[in-house]
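Chain letters run A, B, ... following the sequence lines, proteins first, then strands; residues in each count from 1.
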Protein chains: 4
Amino acid sequence: MNAGKTPKGVKTKDRIVESAIKLMNAKGIARTTLVEVCAASGVAQGTFYHYFKSINDILYEILRIEGEELLFFYEIIIDNSPLEKLNKVLNFQMDYYEKKGKAVVAQILGNEFIPLQGDSLIEKLLPIRAFVSGIISEGQETGVFSDRNSAEKDSIVLMALILTYSYMWIRDKTDNPLKEIAGSHINDIIEQLILK
Amino acid sequence: MNAGKTPKGVKTKDRIVESAIKLMNAKGIARTTLVEVCAASGVAQGTFYHYFKSINDILYEILRIEGEELLFFYEIIIDNSPLEKLNKVLNFQMDYYEKKGKAVVAQILGNEFIPLQGDSLIEKLLPIRAFVSGIISEGQETGVFSDRNSAEKDSIVLMALILTYSYMWIRDKTDNPLKEIAGSHINDIIEQLILK
Amino acid sequence: MNAGKTPKGVKTKDRIVESAIKLMNAKGIARTTLVEVCAASGVAQGTFYHYFKSINDILYEILRIEGEELLFFYEIIIDNSPLEKLNKVLNFQMDYYEKKGKAVVAQILGNEFIPLQGDSLIEKLLPIRAFVSGIISEGQETGVFSDRNSAEKDSIVLMALILTYSYMWIRDKTDNPLKEIAGSHINDIIEQLILK
Amino acid sequence: MNAGKTPKGVKTKDRIVESAIKLMNAKGIARTTLVEVCAASGVAQGTFYHYFKSINDILYEILRIEGEELLFFYEIIIDNSPLEKLNKVLNFQMDYYEKKGKAVVAQILGNEFIPLQGDSLIEKLLPIRAFVSGIISEGQETGVFSDRNSAEKDSIVLMALILTYSYMWIRDKTDNPLKEIAGSHINDIIEQLILK
DNA sequence: GATGAATGAGATTTCATTCAT
DNA sequence: AATGAATGAAATCTCATTCAT
């Protein structure tokens with residue numbers, strides 16, 4: 001398995017990964033087959049095995065990439081105040097969804113529920129909540145956030161709102177942006193539950 | 001498709017559905033095969049097709065049954081006080097999920113985002129929020145609930161929590177019941193946001 | 001097998017036969033299944049076996065009916081002169097096709113070629129050629145028809161023309177009637193080959 | 001579907017097609033199963049699907065091949081005299097049918113009436129009539145053929161005979177070759193109708 | 001007369017994987 | 001690096017038929 005070294009190889013591997021992501025989003029992970037991935041990326045099935053040990057192997061690759069993207073963002077905002085960070089993370093998430101579009105987000109979120117390959121690797125895709133929880137903790141320690149509830153619980157409320165408004169946004173027939181639908185309510189909740 | 005007409009037929013169909021749910025929860029939906037379902041319910045494969053058009057068809061059947069059961073419940077609790085009703089609905093929902101099992105609930109919720117075929121049948125599955133919103137309105141009018149936030153917003157928070165805790169419960173490797181994971185937090189939120 | 005005796009039974013049997021004919025015309029005999037026939041006629045599969053011993057059994061029934069229709073016509077024209085009879089038979093055939101319509105005739109003729117259930121029962125559907133041959137023989141004996149060629153060969157030429165013009169008529173995008181397309185040519189051939 | 005690219009692949013695909021034709025002629029198309037075809041050609045069932053999309057797909061392949069072979073033949077005989085050409089085309093057609101076998105020819109001709117899918121691919125299978133008509137025209141111009149009837153009408157008679165004798169040959173339980181059944185009659189007609 | 005339950009054999013199709021080139 | 005050949009196990013689905021009611 002010393003594949004994906006030459007520029008051409010890298011390109012091919014990328015193409016396969018890309019097709020795989022698209023299909024997994026479209027049909028759910030467990031329902032995406034190797035045959036389809038190869039057809040979609042215009043590659044022979046044999047070629048697939050040149051780059052990946054098995055159909056499961058490609059999952060790891062995909063999760064690695066997603067994780068990297070998120071980590072990159074988290075590093076950038078590390079120096080802000082807790083409240084700023086909180087706002088930035090939540091906004092980042094909504095912008096991110098808006099950018100990807102309703103259909104894709106629907107699939108991403110749907111796949112959160114839809115049965116996996118048995119392992120919880122996908123879990124790693126959404127480290128946001130832990131991150132948000134950390135921010136709230138920090139705010140509680142520095143005294144700007146209320147500690148009436150645990151940081152964990154508060155983070156769950158916020159993520160829950162994002163999830164639910166995303167759901168409503170996806171179902172929404174008009175073109176109202178996600179931020180507009182969710183924004184003020186999230187701010188209310190921050191004020192009423194989290195800020196001192 | 002003239003199946004499931006006689007008492008015997010109904011029984012057989014139920015047995016198949018039951019076995020299917022059990023297996024899907026045990027090994028995941030995508031990995032549950034028709035052969036296994038038939039073996040588990042003790043019918044020939046041909047018999048399966050006497051009752052269902054295809055392997056996917058049984059999923060729809062399962063989801064359809066959900067919807068019917070939920071509607072039935074709503075009618076029953078109509079005479080309680082707003083707070084009682086609120087508690088009953090939320091608890092019912094959690095009990096219900098617990099009873100169905102993680103895999104099936106995952107599919108139900110996942111389908112909220114990824115409609116399997118584009119029909120709006122699934123849409124009907126979650127009329128709960130409107131129902132909860134109605135209950136809160138009623139409580140605000142009778143003065144037992146706070147009107148700091150709109151009934152709609154409050155109902156969204158509650159449903160968001162159910163959704164999110166269900167998600168966490170599905171992912172949870174231990175056997176902690178949903179109610180235990182979500183219960184106290186939901187009560188906190190009712191106290192802090194909704195009750196006067 | 002004492003079925004189809006009561007008025008209701010006759011009706012049901014007719015409905016099954018009718019659906020079977022329609023389907024066999026539409027998809028070819030060998031490709032028509034009992035399941036489809038029952039679905040099309042709105043009858044349970046068990047009911048089918050109330051009237052027919054097997055899937056093949058219905059074929060006999062159908063052929064018997066067709067045969068009766070044709071024989072009835074032949075009897076009517078028995079007193080005409082050979083030339084009149086010849087004209088009447090050929091015209092009857094074309095009128096018959098015109099009445100059934102292009103799609104149906106296409107299926108009837110197509111099915112003449114398309115593989116059967118192994119027996120040549122269908123053969124009986126087209127006793128016309130033998131009949132035409134008989135008419136020509138008669139004409140040759142009474143001296144009004146030429147005997148340069150055998151009656152059999154001449155009858156083949158005529159049937160071949162009907163077959164081929166039917167084919168062209170079916171393909172024809174305009175609404176020209178079959179008789180108009182084929183008529184004069186068939187008359188030419190009768191004059192040039194058959195009449196003295 | 002990247003199959004049949006290497007010499008080995010071509011060979012395998014040919015072997016499958018060949019076995020299929022043989023079996024279809026032996027037992028009828030509708031009764032020939034994929035399992036048998038695979039067994040007869042010595043490939044795994046999976047291999048079949050490497051080359052064909054479905055069991056029906058192979059029929060199209062067979063018909064497509066016909067068309068190509070016919071066109072190829074027409075180009076070859078372009079330099080002969082009209083009468084020679086006429087004889088060669090008609091004989092070629094009959095030899096060709098003989099070589100393919102009754103079941104396959106039945107399917108080819110049946111499809112003339114019942115297009116399997118509505119595409120006009122099949123249409124191309126019978127450009128013979130136009131070709132024959134051209135030959136007769138040429139003969140009329142050079143004065144070797146009679147112009148009592150139009151070239152078109154004469155070509156129709158000839159094609160009609162081929163069609164009808166093919167039909168009779170297909171039905172014929174004995175093993176009499178098509179040429180023997182049709183040959184002398186076609187010659188008679190050429191003499192009596194077409195030659196000067 | 002009619003239905004629907006039930007079957008089992010066999011048909012088609014899918015899919016992850018291995019291998020020679 | 002990439003392909004296409006080939007596989008075999010297992011999955012889905014079809015169908016004619018029997019039977020109890």
Side-chain angles (χ1 to χ4, degrees), chain A residues 2-13 32-38 42-56, chain B residues 1-13 31-38 42-56, chain C residues 2-13 32-38 42-56, chain D residues 1-13 31-38 42-56:
Chain A
N2 58 343
K5 292 288 168 60
T6 71
K8 196 182 172 199
V10 172
K11 229 174 170 179
T12 303
K13 190 173 185 182
T32 298
T33 71
L34 174 140
V35 174
E36 290 169 315
V37 170
C38 290
V43 140
Q45 280 165 242
T47 307
F48 183 95
Y49 284 91
H50 186 61
Y51 292 104
F52 305 98
K53 275 203 306 292
S54 75
I55 182 73
N56 287 318
Chain B
M1 195 66 57
N2 271 354
K5 290 283 173 66
T6 70
K8 196 184 174 201
V10 172
K11 230 174 172 176
T12 304
K13 190 173 185 182
R31 273 201 299 271
T32 298
T33 72
L34 176 121
V35 175
E36 289 169 318
V37 172
C38 290
V43 297
Q45 282 166 242
T47 306
F48 181 95
Y49 285 93
H50 182 61
Y51 293 102
F52 305 98
K53 280 200 299 292
S54 75
I55 183 72
N56 286 321
Chain C
N2 58 342
K5 292 286 168 61
T6 72
K8 196 183 173 198
V10 172
K11 230 175 170 178
T12 304
K13 191 173 184 181
T32 297
T33 73
L34 174 139
V35 174
E36 290 169 316
V37 171
C38 291
V43 140
Q45 281 166 241
T47 308
F48 183 95
Y49 284 91
H50 186 61
Y51 292 103
F52 305 98
K53 276 202 305 291
S54 75
I55 182 72
N56 288 318
Chain D
M1 196 66 60
N2 271 355
K5 292 282 172 66
T6 70
K8 195 184 175 200
V10 172
K11 231 173 172 177
T12 304
K13 190 173 185 181
R31 273 200 300 270
T32 298
T33 72
L34 177 118
V35 175
E36 290 168 318
V37 171
C38 290
V43 297
Q45 282 166 239
T47 306
F48 180 94
Y49 284 92
H50 183 60
Y51 293 102
F52 305 98
K53 278 201 301 293
S54 75
I55 183 71
N56 286 321

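Residue A:Y51 contributes atom OH, which lies 6 Å from atom C1' of F:dA1 at whole-angstrom precision. Per the geometry, CZ belonging to D:F48 stands 20 Å off P belonging to F:dA9, to the nearest Å. In this structure, CZ of C:F52 is placed 14 Å from C1' of E:dG1, rounded to the nearest angstrom. In this structure, B:K5 places its NZ atom 13 Å from C1' of E:dA2, rounding to the nearest Å. Between C:L34 atom CG and F:dT18 atom P there is a gap of 11 Å when expressed in whole angstrom units. Put simply, CD on B:E36 is 10 Å from C1' on F:dA11, counting in whole angstrom units.
The residue B:T6 sits close only to the backbone: its heavy atoms come under 4.0 Å of sugar-phosphate atoms, none of a base. Within the nucleic acid shown, D:G9 comes within 4.0 Å of sugar-phosphate atoms alone, with no base atom in reach, counting heavy atoms only.
With distances taken from any side-chain atom of B:T33 to the nucleotides F:dA16, F:dA11, E:dA6, the minimum falls on F:dA11. Of all nucleotides listed (E:dT13, E:dA16, F:dA2), E:dT13 comes nearest to the side chain of D:I55. In this structure, of F:dA5, E:dT3, E:dT7, it is F:dA5 that holds the atom nearest to the side chain of D:K8. Comparing E:dA5, E:dT17, E:dG4 by their closest approach to the side chain of B:A3 singles out E:dA5. For D:S54, the side-chain atoms get nearest to E:dT13 when compared with the rest of E:dT13, E:dG4, E:dT12. Across F:dT17, F:dT14, F:dA6, the shortest atom-to-atom separation from the side chain of D:H50 is found for F:dA6. The side chain of B:V35 lies closest to F:dT12 when the candidates are E:dT3, E:dT7, F:dT12.
Rounded to the nearest 0.5 Å, atoms NZ (B:K5) and NZ (B:K13) are 10.0 Å apart.
F:dT21 is paired with E:dA2 under the criterion used here, namely a Watson-Crick or G-U wobble arrangement in which both key atom distances are under 3.5 Å. Summarising the base pairing, E:dA9 is matched to F:dT14 through a Watson-Crick or G-U wobble pair whose two defining distances lie under 3.5 Å.
Shown here for B:F48 and B:S54, the closest heavy-atom pair between the two residues is CE2-O, 3.7 Å. Shown here for D:G4 and D:Y51, the closest heavy-atom pair between the two residues is N-CE2, 3.4 Å. Taking each heavy atom of A:I55 and A:T33 in turn, the nearest pair found is CD1-C, 4.3 Å.
When the side-chain nitrogen and oxygen atoms of D:K11 are compared with OP1 and OP2 of F:dA5, none of them lie within a distance under 4.0 Å. For E:dT17, the OP1/OP2 oxygens have a side-chain nitrogen or oxygen of A:Y49 closer than 4.0 Å. Listed pair B:T12 / E:dA6 meets the phosphate criterion, a side-chain N or O lying under 4.0 Å from OP1 or OP2. The phosphate of F:dT7 (OP1 or OP2) has a side-chain N or O of D:T47 nearer than 4.0 angstrom.
Interface remark: the D:Q45 side chain does form a donor-acceptor pair with the E:dT13 base, using a distance-only criterion of under 3.5 Å.
Annotation: side chain of B:L34 is in contact with side chain of B:Y49 (closest heavy-atom distance under 4.5 Å).
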